[in-house]
Participant: 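Sharing a structure with you now.
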Amino acid sequence: MDKDIFYLMRVFCSVVEYGSFSLAANKLDVQAPAVSKAIAKLEKLVGKRLLNRSTRSVEASDVGRYFYKEAISQLSSLDSSLEVVGSWASEVKGLLKITSTHAVGEDLISSTLASFCQQFPSVTFELMFTNDIITLPSQNIDVAIRSSNALEDSCLKSKELFSVQRLV
């Protein structure tokens, strides 16, 4: 399969939509000979004549009309995928799983999470308060807030968030 197939399909669809190589070239911001070469390459790739050309017009052949319909669908799907992936970089969203001890979670996390939720409204949380030591990777935990420096797994990283003085 040709690595430029989506470009070739986009050129083909533009030619069909505008009924002209030169109008398609203007739309795509390329030279008219580039459009002609792209169509020739696409027709060679699929092994069928996709466009009927005359001195006055360009229109899709029977196979070309079918290919146009399929190409529009594929290009639309590709554009949607690119849009979704592009939005991931600009918007923080998803599920964040957090675990902590009861004391730390109830007293310290709640106020911090409230301001975080205002800043990132597309993030949802799953909180698990437990005093048990759990293995984080096996339970798909993203963040664990503990009151010790010891890590149960050497592949994990820790960061001191705050210090607390205990009073008896």
Side-chain angles (χ1 to χ4, degrees), residues 1-100 109-128 135-145 153-161:
M1 184 63 62
D2 193 287
K3 66 180 180 180
D4 299 325
I5 188 69
F6 284 108
Y7 169 74
L8 299 176
M9 288 167 53
R10 204 171 295 278
V11 170
F12 170 74
C13 289
S14 292
V15 170
V16 171
E17 289 166 9
Y18 291 99
S20 162
F21 280 58
S22 58
L23 290 176
N26 287 339
K27 162 83 167 85
L28 296 168
D29 198 27
V30 297
Q31 304 264 334
V35 171
S36 181
K37 286 179 184 177
I39 295 300
K41 186 174 183 178
L42 181 61
E43 288 179 333
K44 183 178 179 184
L45 183 69
V46 298
K48 303 285 182 204
R49 185 159 196 75
L50 299 173
L51 296 173
N52 294 322
R53 303 160 182 88
S54 72
T55 54
R56 293 182 177 238
S57 68
V58 175
E59 61 182 35
S61 65
D62 290 340
V63 173
R65 282 191 290 278
Y66 172 80
F67 187 79
Y68 172 77
K69 190 172 118 185
E70 293 298 316
I72 286 293
S73 173
Q74 294 298 318
L75 291 171
S76 176
S77 179
L78 176 66
D79 289 341
S80 295
S81 297
L82 293 172
E83 186 178 310
V84 167
V85 170
S87 73
W88 283 354
S90 62
E91 182 183 3
V92 177
K93 59 184 169 185
L95 174 65
L96 185 61
K97 293 184 176 184
I98 301 173
T99 183
S100 75
I109 292 179
S110 58
S111 62
T112 305
L113 284 184
S115 64
F116 187 91
C117 286
Q118 288 177 344
Q119 189 174 2
F120 303 104
S122 296
V123 175
T124 56
F125 296 96
E126 185 176 302
L127 301 174
M128 182 169 58
T135 56
L136 303 179
S138 67
Q139 300 222 358
N140 293 324
I141 303 293
D142 299 308
V143 177
I145 300 175
D153 189 343
S154 63
C155 71
L156 301 175
K157 300 202 187 260
S158 69
K159 180 176 181 165
E160 184 177 326
L161 300 175

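Just so it is clear, the structure is predicted and the values come from calculations on it, not from any experiment.
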Participant: Please report the shortest heavy-atom distance between M128 and T99, naming the atom on each side.
Facilitator: O-OG1, 2.9 Å
Participant: Would you say that more than 12 heavy atoms from the other residues, nucleotides or ligands in this model lie under 6.0 Å from the OH of Y18, or not?
Facilitator: no
Participant: Give a yes or no on this: more than 12 heavy atoms of other residues, nucleotides or ligands lie within 6.0 Å of atom NZ of K27.
Facilitator: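 Incorrect, the count does not exceed 12.
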Participant: Where is the tightest heavy-atom contact between I141 and V143, given as atom of each residue plus distance?
Facilitator: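 That closest heavy-atom pairing would be CG2-O, 3.4 Å.
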Participant: Can a donor-acceptor pair be found, under 3.5 Å and without considering hydrogens, that links the side chain of S61 to the backbone of N52?
Facilitator: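 No, the answer is negative, given that no donor and acceptor are paired below the 3.5 Å cut-off.
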Participant: For S77, is there any backbone N or O sitting under 3.5 Å from a side-chain donor or acceptor partner on S81?
Facilitator: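 A pair under 3.5 Å: yes.
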Participant: Taking the side chain as C-beta and beyond, is there a heavy-atom pair between K97 and L95 under 4.5 Å?
Facilitator: yes
Participant: Other residues, nucleotides and ligands only: do more than 12 of their heavy atoms fall within 6.0 Å of CD on E17?
Facilitator: yes
Participant: Hey, does the side chain of S22 reach the backbone of A32 with a donor-acceptor pair shorter than 3.5 angstrom?
Facilitator: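 Flag not set: sc S22 to bb A32 has no pair under 3.5 Å.
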Participant: Can you find a heavy atom in the side chain of D142 that is under 4.5 Å from one in the side chain of I98?
Facilitator: no
Participant: To the nearest 0.5 Å, what is the distance between CG (L8) and NZ (K44)?
Facilitator: 12.5 Å
Participant: Roughly how far, to the nearest 0.5 Å, is the CD atom of E70 from the CD atom of Q74?
Facilitator: 7.0 Å
Participant: Where do A38 and Y7 come nearest, in terms of heavy atoms and distance?
Facilitator: CB-CE2, 4.2 Å
Participant: May I ask you to test the F125-C117 pair for a side-chain heavy-atom distance under 4.5 Å?
Facilitator: yes
Participant: Do E126 and L96 make a side-chain contact, defined as non-hydrogen atoms from C-beta onward lying under 4.5 Å apart?
Facilitator: no
Participant: Just verifying a value: how many Å separate S73 OG and M9 CE, rounded to the nearest 0.5 Å?
Facilitator: 8.5 Å
Participant: Is a side-chain donor or acceptor of E43 paired with a backbone partner of L50 at a separation under 3.5 angstrom?
Facilitator: yes
Participant: Does the side chain of L42 come within less than 4.5 Å of I5's, by heavy atoms?
Facilitator: yes
Participant: How many angstroms lie between atom OG of S20 and atom CG of N26, to the nearest 0.5 angstrom?
Facilitator: 8.0 Å
Participant: When you measure from the side chain of R53 to the backbone N and O of V58, does any donor-acceptor pair fall under 3.5 Å?
Facilitator: no
Participant: Does this structure show an ion pair linking D79 with R10, if we count only N-O contacts that are shorter than 4.0 Å?
Facilitator: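 Yes, charged N to carboxylate O under 4.0 Å.
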Participant: Quick check on Y66: does its OH atom have over 12 non-hydrogen neighbours (other residues, nucleotides or ligands) under 6.0 Å away?
Facilitator: no
Participant: Write down the atom of R65, the atom of A60, and the distance for their closest heavy-atom approach.
Facilitator: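 Minimum heavy-atom contact is NH1-O, 2.9 Å.
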Participant: Could you give the distance from CZ (F12) to CD1 (I72), rounded to the nearest 0.5 Å?
Facilitator: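 Interatomic distance, F12 CZ to I72 CD1, rounded to 0.5 Å: 9.0 Å.
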Participant: Which value, rounded to the nearest 0.5 Å, describes the distance between L23 atom CG and S14 atom OG?
Facilitator: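 Output value for this atom pair is 10.5 Å.
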